[in-house]
Amino acid sequence: MSSLRLVDPELAALVEGEEQRQHDTLRMIASENYVSRAVLEATGSVLTNKYSEGYPGKRYYEGQRFVDPIEELAIARARHVFGVEHANVQPYSGSPANLAVYLALAKPGDTVMGMALPMGGHLTHGWPVSATGKWFRPVQYSVRRETGRVDLDEVRDLALRERPRLIFCGGTAIPRTIDFPRFAEIAREVGAVLVADIAHIAGLVAGGAHPSPVGHAEIISTTTHKTLRGPRGAMLMCTAEHASAIDKAVFPGLQGGPHNHTTAGIAVALGEASQDSFKVYAQQVVANARALASALLEHGFDLVSGGTDNHLLLLDLTGKGIGGKPAAKALDRAGIETNYNTVPYDTRKPFDPSGLRLGTPALTTRGLTESAMPQVASWISRAVDAALKSDDDALDVIAGEVRELLSSYPLR
Ligand code: DSN
């Protein structure tokens with residue numbers, strides 16, 4: 001950061017402030033993580049200077065003798081880590097990646113099926129405010145009110161009735177294992193293409209801590225910056241049959257030049273994800289989430305679906321008498337970073353919902369294990385109690401305790 005400090009001290013101070021904040025905070029937003037220094041270096045490299053429209057060996061600009069092998073390396077590593085036939089590493093992020101799937105495989109007005117956003121899905125799975133909900137005919141499935149889980153018989157009935165062109169599985173607030181074989185069976189029965197959006201769980205899939213969609217979903221979409229612990233970006237993986245359509249949809253269909261610095265960061269992250277240590281990481285993420293779920297249940301919290309199989313927990317705070325938003329703000333003051341979230345069948349509005357989403361990917365990267373989870377749950381419980389009493393001093397005390405714990409877990 002020495003050049004930045006010299007050239008733009010104001011900006012440098014803000015970046016350093018954010019680094020310190022990330023150091024001092026228990027980061028529990030389920031979609032966030034800490035990348036390695038190696039990923040940061042690749043992402044902050046001279047590759048940001050280069051335009052490379054096209055694909056390796058077939059570019060519209062000269063000077064690609066280093067960029068081509070970098071992208072080839074990222075593709076080869078994606079194929080190796082996930083065991084897929086084809087990978088495109090150019091999508092700028094998850095939403096553009098999903099748009100490319102629509103462009104490749106559907107026509108405006110086609111019926112598309114996905115999990116409703118308030119049930120745990122994603123905007124780009126056909127939610128009405130998204131382009132995907134406006135330009136296609138979305139039908140949305142839910143979770144069962146009593147179990148908080150997807151009922152695949154209901155999904156099948158809906159698919160048989162509506163005959164979608166695409167079926168999306170996956171989402172942003174699903175604490176349970178996604179049954180890819182069953183979704184694939186349904187897609188086959190109705191002649192739909194199954195798209196597995198594994199943005200949240202890609203690192204768990206890579207590390208063997210969640211079943212893989214490969215062999216079940218013809219298209220797999222993922223961001224690279226969540227459990228996969230890479231830079232902000234995305235990938236589309238698919239069977240050889242769809243490779244050309246997917247590539248054409250990403251470029252020139254939707255995007256211009258790929259962000260080569262991001263591609264390099266993705267390659268580094270995939271190299272890291274192929275190591276045995278990453279398997280240990282992925283298992284630990286899940287072990288931590290399970291331990292946290294048990295400890296929160298002991299504190300009287302209500303967990304959607306009763307617990308978790310993966311990296312995330314969704315708390316319904318209705319019984320605690322507080323909304324998700326004031327709870328998230330109180331936790332932030334207490335040094336615990338989360339996000340407020342709708343819960344299935346929420347009676348409150350999305351900007352002031354009943355839920356809180358928590359995840360363990362970042363704190364696991366930091367080195368915390370199951371033994372720390374009772375303490376984390378106790379802080380969350382104390383912070384919620386303090387919020388109910390508007391006791392900011394109590395929140396500041398917790399923030400101090402969090403800082404003290406984290407001082408033993410340096411950022412690497
Ligand atoms: N923003 C992502 C998340 O937090 O899950 C989804 O796009």
Side-chain angles (χ1 to χ4, degrees), residues 22 25-35 91-102 112 114-133 138 140 143 148 150 168-178 195-205 210 219-236 254 262 266 269 285-286 289 304-305 308-315 324-325 327-329 331-332 336-344 346 350-351 353-365:
Q22 291 188 14
T25 307
L26 206 47
R27 298 181 55 230
M28 300 192 69
I29 291 180
S31 48
E32 293 184 353
N33 214 325
Y34 297 93
V35 299
Y92 297 143
S93 203
S95 296
N98 286 348
L99 282 180
V101 175
Y102 288 87
V112 295
M115 191 182 203
L117 180 66
M119 298 287 160
H122 190 259
L123 278 165
T124 58
H125 298 180
W127 191 241
V129 298
S130 149
T132 62
Q140 306 262 274
V143 295
V150 175
F168 280 85
C169 58
T172 59
I174 304 173
R176 295 298 181 178
T177 301
I178 300 168
V195 186
D197 183 339
I198 61 165
H200 263 260
I201 54 170
L204 305 186
V205 171
H210 187 289
I219 311 282
I220 299 165
S221 165
T222 186
T223 50
T224 46
H225 47 270
K226 298 185 173 95
T227 46
L228 193 55
R229 224 163 49 176
R232 304 298 292 245
M235 305 192 295
L236 285 170
L254 274 177
T262 301
I266 291 172
V285 167
V286 176
V304 171
S305 83
T308 181
D309 297 328
N310 56 31
H311 65 299
L312 81 78
L313 297 84
L314 191 56
L315 309 192
K325 193 172 189 171
K329 290 200 176 300
L331 282 162
D332 190 43
I336 301 171
E337 193 187 351
T338 64
N339 70 277
Y340 52 89
N341 216 96
T342 50
V343 294
D346 211 327
F351 205 56
S354 304
L356 198 63
R357 191 181 65 161
L358 303 175
T360 54
L363 57 79
T364 306
T365 298

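In what follows, every heavy atom counts, from backbone to side chain, and hydrogens, waters and symmetry copies are set aside. In listed order, ligands and their atoms are each counted from 1. Keep in mind the model is a prediction, meaning the values are calculated, not measured.
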Which residues pass the side chain to side chain donor-acceptor pair (under 3.5 Å) test with [X], sequence neighbours left out?
X	result
S31	R357
T177	D309
S221	N98

Sub-4.0 Å heavy-atom environment of ligand 1, residues by chain:
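Within the 4.0 Å shell of ligand 1, which is judged on heavy atoms, sit S31, H122, T172, H200, K226, R357.
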
Knowing that exactly one of H210, K226, H200 qualifies, which makes a side-chain hydrogen bond (donor to acceptor under 3.5 Å, both in side chains) with H311?
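Only match with H311 under side-chain hydrogen bond (donor to acceptor under 3.5 Å, both in side chains): H200.
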
Can you tell me which residue among V195, V112, T132, T124 is in a side-chain contact (heavy atoms from CB on, under 4.5 Å) with V101?
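When side-chain contact (heavy atoms from CB on, under 4.5 Å) is applied between V101 and each of V195, V112, T132, T124, only V195 qualifies.
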
Could you point out which residue of V343, L313, N339, L331 forms a side-chain contact (heavy atoms from CB on, under 4.5 Å) with L356?
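By the side-chain contact (heavy atoms from CB on, under 4.5 Å) criterion, L356 pairs with just one of V343, L313, N339, L331: L331.
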
